[in-house]
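As structure tokens, the structure follows; a few thoughts come after it.
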Amino acid sequence: MDSLIPTGRVPDYLNRLNPEQRAAIETTDGPLLVLAGAGTGKTRVLTTRFAHILLSGRARPNQILAVTFTNKAAREMRERVSALLGEPAEGLWLGTFHALCARMLRRHAEYVGLTSSFTILDTDDQLRLLKQVLEPYRIDTKRWPPPAIMGVIQRWKDRGLVPDAITAAEDTDFANGRCAEIYTDYQSRLRQLNACDFGDLMLHMTEILRKHPDVLAQYHRFFRYILVDEYQDTNTIQYLWLRLLAHRSDQPSNICCVGDDDQSIYSWRGAEVENILRFERDFPGAKVVRLERNYRSTRQILAAASGLIAHNEERLGKTLHPGREDAEGEKVRVISVQDSDDEARMVGTEIERLRADGHTMSEIAILVRAGFQTRAFEERLITLGLPYRVVGGLRFYERAEIRDAIAYMRVVNQPSDDLAFERIINVPRRGVGATGLQKMHMHARERQIPLTAAVLEMLGTGDIKGRAKEQLAALMHTLGTTRDMLGREGHVVAIDHLLEESGYIDMWKADKSPDAPGRLENLKELVRSLADYENLGGFLEHVALVMDTEDRAGEDSMSIMTLHGAKGLEFDTVFLPGWEEGVFPSQRTLDEGGLKGLEEERRLAYVGITRARKLAIISHAANRRIYGNWQSAIPSRFVEELPAEHTETRGDTSNSRRSFLGRPAVFGSTPFPLVASRRVHDVTPSTSKASGMKVGVRVFHQKFGYGTITSVEGNRLEVAFEKAGPKRVIDTFVEQV
DNA sequence: CCGCATTTCCTAATT
DNA sequence: GGAAATGCGG
């Protein structure tokens, strides 16, 4: 293809790139893998490449398919491409995997038994639907909780397996091998409801592309170039979808995937690092460009992070070098403290000092492994009066009042949306209980009609009695008037009417709990945001797929968040607390994932350190309060793996890994297996009384009778009772016999 | 059908 | 320690 750029003149946007970045952008044709280390200008390469393809005349805006994982990334990319082009980028196929698939699927829905107006279910709906499907199976939900079964189905979908593809061998470990049946039923219920869950968007679209060569050919004609962000996070179905779109006979696969195998931290939700490791085999003739010049962090930080990640086996191999000469910086600090309260105190003190020295608060972050760790820091920061925000709590669209309001809108938009109707039928209370709802379900199933229609019929025949009768009649009337208003007065007015007349707003006005005013405020905000969309349908598509809201640019506050949440962000100073065996690396990951799990934890540690521009402060405590009781802990193996010449150790040295030598690091099934002696630090009063409680001791329990202790964990015992079987009990409730 | 008491569980989190 | 689900009495 002819270039529109005059020969001999390098366009502006290429001039300020380093040679690797330029190679990543100018290698436009054929498969390309860009291995972009942390802070090496990944987003810049991606957006500049996009603009370059357009500006050099290789493709028109709608001939590039650009895929991201999150809406945030898609938004950012759109903005930066627009900036490079000097005009708003419109008509692009740029979005998340799911948004792009939804857009395609609306055009071909009939191939998978749906209509183009299919509903996209959220996580709540999925689970509610699965529970309904589960009913006739009479499965012990204690042993096989519905969310776990949902997980099995989702993982099958992630791997591109339709119900028919599930082999018996695949379906052994769960719900007595009946998951495949459940999966089949669940899928047919979805089809009846004209609905998709998130997994279906990918699964259906991939099936269509696979079975209908004409459809595939159509997209091949469309897309000349494919760009993929965060390729290390793709799961199998996303890989299959990409491969179908990329592999073609008429031209080379112009697919460019950008990613970093060292930052793959999402295997637990289906991501396959193997996709990126295998790229060169999947796309013959592929070129690989490594971006290793880091412009973010100091040399000390990069060296510490590189030394740590070098302990991983499964990697393509890549070393970060400082991109600037002047960036020597401070060594990574490793601080040892007595207990988790001391740790919070230490972090608070350090932050106060940073603030006194004039550091901007928003340039400081505390990155934790798990959500439960945030509380200690929050409490400390409140005491000190330091502004902070916890990133990644409940988001706007996850709040109960927002989900309820959206369910109301869904029923208006699509009267056959049974799941939405079920959510709101008794909110506010309308005298409909489990039994009443069941009758309605039976009626609906008999007559093969949606729930709303069943309610109307039953109101007519007098099958609904009492308080429910009047209230439901009023609800149905409100739904009807709202639909009328939708056409005449616009969706904003109509929805306002709906939430008022249905009594939903009044329900919160009557609520005396302290968070009710906030909820009303959220509802107002929701109605206000409706105005940004042309119609109700457009709004609902947005909330189904774009479940995030713009970060509100607030005051100058520091961030507390999980390591996962911090990926892609950067701060001057980063605190990394809780580097203890069992916490980080997480015991559960070790138990379930073995060596692979450990390597993923190590990548998480690598992500954490590389978030810091100037200073990283790692800490570990000798004793930690977990779920209410004290447990002792030993420093994380990652502390030892940091190259000593790039770290500076402070604090109580008796709490080093050395003093725990002789206890081999093993993967065990018991929680915190390295710390058999943790009860030494147990300060709960119950232990003194129960000090004789050891494995093998025979005990008597008022309710369960006689038994033998099989495990001891703090004051919690597991006892094999002779009559009652294995039970977990608190030590004070049994007597030694 | 509702509200209160008791019991149970506890990784990460996007679409 | 605490949220959320379950169970029980009114």
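To find a chain, count down the sequence lines: A is the first, B the second, and so on, and within it residues start at 1.
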Q: Measure the distance from CE on A:Met561 to P on B:dT14 and round it to the nearest whole Å.
A: 12 Å
(Q) Please report the distance, rounded to the nearest Å, between CG in A:Asp158 and P in B:dT14. (A) 15 Å
Q) Any luck finding a side-chain donor-acceptor pair between A:Glu600 and A:Ser267 under 3.5 Å? A) yes
Q) What does A:Thr123 touch in the nucleic acid at a heavy-atom separation under 4.0 angstrom: a base, only the sugar-phosphate, or nothing? A) base
**Q.** Is_stacked (A:Tyr266, B:dA13) at 5.5 Å, 30 deg
**A.** no
Q. What residues form a side chain to side chain contact (heavy atoms under 4.5 Å, CB included) with A:Ala605, not counting sequence neighbours?
A. A:Leu308, A:Trp579, A:Phe584, A:Phe638
Q: Report the distance from atom CG of A:Asp233 to atom P of B:dT14, rounded to the nearest whole Å.
A: 12 Å
Q. So among A:His620, A:Gln587, A:Arg637, which one has a side chain to side chain donor-acceptor pair (under 3.5 Å) with A:Glu581?
A. A:Arg637
Q: Select base, sugar-phosphate, or nothing to describe what A:Gln238 touches, counting heavy atoms under 4.0 Å on all strands.
A: nothing
Q: Measure from the side chain of A:Leu545, starting at C-beta and using heavy atoms only, and say which of B:dA13, C:dG1, B:dT15 lies closest.
A: B:dT15
Q. What's the CE-P distance between A:Met507 and B:dC2, to the nearest Å?
A. 12 Å
Q | Nucleotide of B:dT15, B:dA12, B:dT14 approaching A:Phe198 most closely (side-chain heavy atoms) | A | B:dT15
Q | Between C1' of B:dA13 and CD of A:Gln126, the distance in whole Å | A | 14 Å
**Q.** salt bridge (Lys or Arg N to Asp or Glu O under 4.0 Å), paired with A:Asp233, selected from A:Arg269, A:Arg603, A:Lys567
**A.** A:Lys567
Q) Between A:Asn71 (CG) and B:dA13 (P), how many Å, whole number? A) 17 Å
Q: Between B:dA12, B:dG3, B:dA13, spot the one nearest the side chain of A:Arg429, thanks.
A: B:dG3
Q. Which value, in whole Å, describes the distance between the C1' atoms of nucleotides B:dA12 and C:dA5?
A. 23 Å
Q) A:Asp229 has an atom CG; how far is it from atom C1' of B:dT14, in whole Å? A) 14 Å
Q.
Just to verify, what does A:Gln471 make a side chain to side chain contact (heavy atoms under 4.5 Å, CB included) with, not counting sequence neighbours?
A. A:Arg430, A:Arg467
(Q) Give me the distance, rounded to whole Å, that separates C:dA4 from B:dA13 when you measure between the P atoms they each carry. (A) 16 Å
Q. Rounded to the Å, how far apart are A:Tyr606 OH and B:dA12 C1'?
A. 20 Å
Q) In this structure, are over 12 heavy atoms from other groups packed under 6.0 Å from A:Lys469 atom NZ? A) no
Q) Which nucleotide in the set B:dT14, C:dG2, B:dA12 lies at the smallest distance from any side-chain heavy atom of A:Arg375? A) C:dG2
**Q.** Shortest side-chain distance from A:Thr96, nucleotide among B:dA12, C:dG2, B:dT15
**A.** B:dT15
Q) Nearest to the side chain of A:His98 - B:dT15, B:dA13, C:dG1? A) B:dT15
Q. When the nearest nucleotide of DNA chain B is assigned to A:Asn426 and to A:Ile265 on a heavy-atom basis, which residue is associated with the more 5' position?
A. A:Asn426
Q. B:dA12, C:dG1, B:dT14: which one has an atom nearest the side-chain heavy atoms of A:Thr70?
A. B:dT14
Q. Does A:Arg430 or A:Leu563 map to a spot on DNA chain B nearer the 5' end, using the closest nucleotide for each?
A. A:Arg430
Q) Are OP1 or OP2 of B:dA12 and a side-chain N or O of A:Ser586 less than 4.0 angstrom apart? A) no
Q. Base, sugar-phosphate, or nothing for A:Gly199, non-hydrogen atoms under 4.0 angstrom?
A. nothing
